[in-house]
Number of protein chains: 2
Amino acid sequence: MKQSTVISFESIRVACRHCTLSALCLPMGLAAEDVERLDEIVKRTRPLHRGDMLFRDGDHFRSLYVVKTGSFKTFAPSGEGGEQVLSFHLPGELLGLDAIDQGEHACSASALETSAVCEIPFARLEELTALIPSLQHHMYRLLSKEIGHDTDLLVLLGKKNAEERLAAFLLDFSKRLHKRGLSATDFHLSMSRHEIGNYLGLAVETISRLFTRFQEDGLVRVERKHIELLNLQGLENLIASSHLGRRQPPQRQQQT
Amino acid sequence: MKQSTVISFESIRVACRHCTLSALCLPMGLAAEDVERLDEIVKRTRPLHRGDMLFRDGDHFRSLYVVKTGSFKTFAPSGEGGEQVLSFHLPGELLGLDAIDQGEHACSASALETSAVCEIPFARLEELTALIPSLQHHMYRLLSKEIGHDTDLLVLLGKKNAEERLAAFLLDFSKRLHKRGLSATDFHLSMSRHEIGNYLGLAVETISRLFTRFQEDGLVRVERKHIELLNLQGLENLIASSHLGRRQPPQRQQQT
DNA sequence: CGTTTCTTTGATCCTTTTCAAACGGTGTGG
DNA sequence: CCACACCGTTTGAAAAGGATCAAAGAAACG
């Protein structure tokens, strides 16, 4: 049930028919026959290896992608060769939504480990959503959800200190894995410390030090990329209990 | 042509019929008859004053809003009464997209000055987009564009220093005003230093000091909320020329 | 098995925050 | 219409949280 490491070729094939289902449909319940139609437009693609690019920023936009197995990161250039990691994507999660507007990808996506995706030609999907109102609603929700994720990260980068950022990152990861039937307290980080730091707006060294500190405090057990969350509540507390004494000017906001 | 301060009641009425047009349609060219149908579902609302809330986070989601006149900020709670300002909205810009997913608003929106909005009942809009493919495409683009904005802000908060953030903020504001036919170099900031700082993830004092410094450097002329950009190129340079010597580990990324 | 990359740890530096205080504009009530 | 109180802004001085620099240890890789 909870094995995530070894997956046979056969199970990948099977999963393929359902990856769009889990990402696009399961969370909100779409009629079986509509899922079938959606499944028909999905293309299979060959697996990617660590470092392989799924798309690059500036590439012509053609398709959305659903992670089938493995994981990805997306990142945007930030001047002078620098990059900002925007998100990490686990199986069942969608990639490429930001490209719809400009017709070309606004960020790049690369595999963090050996991974596979489903490709969903957007033009076909768009036709389909026009015919199936529930699928259209679905797409709106997916896009809106993406905005919500970005908002969360904005709050993280704008208002949280290093400790809070890493704690939030670990808990978020934990929740997403759990949602997919994997352990919420014992998992493998497919990205490097550098990538985590980049994502959280912190230096590699800071990440390393925090992992050490969290371990000393009995919150986690870290061994290379293997993470064990020993005290979920403790991590939650790190996030919530912050800025207790910070002056926050009362913003008088009368009801309209 | 360039007057933004005094607007007669009559011109607001007229603008109302076209606010959805400018926000939802103009940038991408929608058929006139479809604009007409869209216009029919738009509701008029009474004006809001500084501090008035358009919606609060947690409110039931019913409609999207287009700013007709004035300006708004949106902000999300960030633990212990703190807030993160997520965006400022000028006339023609859309509010509320992040609420589609959860069915309730994920952030709050308040007026920065006396303002008016168009209300677009989302259920009605959704029906309409199912009938008009170009409008549906349009909605996808709008949602996607919102993700793009968030991405920009993420890069700002994750990778830029204080100076770069404020320069980027001023230039972004300038561009958006210019797009609406207003001066790109001479404008009024409707938000306080505090709100700017919150948005950029900086302390009020830092904003104040930077304004002073920018003025000393001849980049801008600041007088209270009135801003004059004296050297656009200089501001651009502040953004681009950064981190020249920063070590950025080469991330080998082979083509797929 | 050597080379490279990733991670960890220590020491120092620096940007921005925090604390403190004064100034200026605005609005309200007398 | 003025006095007073309040909020937003500015400026200075001190403190702190991370970044940067430096270097060694540990894995991964070819």
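Numbered from 1 within each chain, the chains take letters A, B, ... in sequence-line order. The shown structure was predicted, so the numbers you read here are calculated from the model rather than taken from an experiment.
Both A:R213 and A:R224 sit near DNA chain D, but only A:R213 has its closest nucleotide nearer the 5' end.
Nearest heavy-atom pair across B:E195 and B:V85 is O-CG2, 4.1 Å.
With C:dA11, D:dT10, C:dT17 as the candidates, the nucleotide lying closest to the side chain of B:S208 is D:dT10. Listed candidates were D:dT20, D:dT11, D:dT9. Nearest to the side chain of A:R209 is D:dT20. Candidate nucleotides C:dT16, C:dT18, D:dT9 were compared by shortest atom distance to the side chain of B:A162, and C:dT16 ranks first. Nearest nucleotide to the side chain of A:N161, out of D:dT9, C:dC6, D:dG18: D:dG18.
Put simply, A:T212 has a side-chain N or O that comes within less than 4.0 Å of OP1 or OP2 on C:dT9. Taking only side-chain nitrogens and oxygens, B:R193 comes nearer than 4.0 Å to OP1 or OP2 of D:dT10.
The residue A:I207 sits apart from the nucleic acid: no heavy atom pair falls under 4.0 Å. Contact annotation for A:G197: no contact, since no heavy-atom pair falls under 4.0 Å across all strands. Contacts of A:T206 with the nucleic acid, taken as non-hydrogen atoms under 4.0 Å apart, involve only primed sugar atoms and P, OP1 or OP2.
If you check distances only, the side chain of A:E195 never reaches the base of C:dC6 with a donor-acceptor pair under 3.5 Å.
Between B:H194 atom NE2 and D:dT10 atom C1' there is a gap of 16 Å when expressed in whole angstrom units. Here C:dT16 presents its C1' atom at 18 Å from NZ of B:K160, a figure rounded to the nearest Å. The CG-P distance, from A:N198 to D:dG18, rounds to 17 Å in whole Å. As a whole-Å value, the separation of B:E163 CD from C:dT15 C1' is 11 Å. Remark: P of D:dG17 and CZ of A:R165 are 14 Å apart, rounded to the nearest angstrom. Summarising the geometry, the separation between CZ on B:F211 and P on D:dT10 is reported as 8 Å, rounded to the nearest angstrom. Atom-to-atom, CG of A:L166 to P of C:dT8 comes out at 11 Å; the value is rounded to the nearest Å. Here D:dG8 presents its P atom at 21 Å from NE2 of B:H226, a figure rounded to the nearest Å.
One finds the CG atom of A:L90 at 10.0 Å from the NZ atom of A:K179 (value rounded to the nearest 0.5 Å).
At distances below 3.5 Å, at least one donor-acceptor pair connects side-chain atoms of B:S115 with backbone N or O atoms of B:S71. The main-chain N or O of A:L157 is found under 3.5 Å from a side-chain atom of A:R165 such that the two form a donor-acceptor pair.
For the pair A:L229/A:D186, no side-chain contact is recorded, criterion being any heavy-atom separation below 4.5 Å from C-beta on.
For NE2 of B:H226, the number of neighbouring non-hydrogen atoms (other residues, nucleotides, ligands) closer than 6.0 Å is greater than 12.
Cation-pi geometry between A:K73 and A:F75 is met: the NZ or CZ atom falls under 6.0 Å from the ring centre, inside 45° of the normal.
By the salt bridge (Lys or Arg N to Asp or Glu O under 4.0 Å) test, A:E104 is found to be paired with no residue, residues two or more places apart in sequence or in another chain being considered.
When the C1' atoms of four end pairs are superposed on the next four at each end of the helix from C:dC1-D:dG30 to C:dG30-D:dC1, using five pairs per end, the two resulting axes differ in direction by 50°, to 10°.
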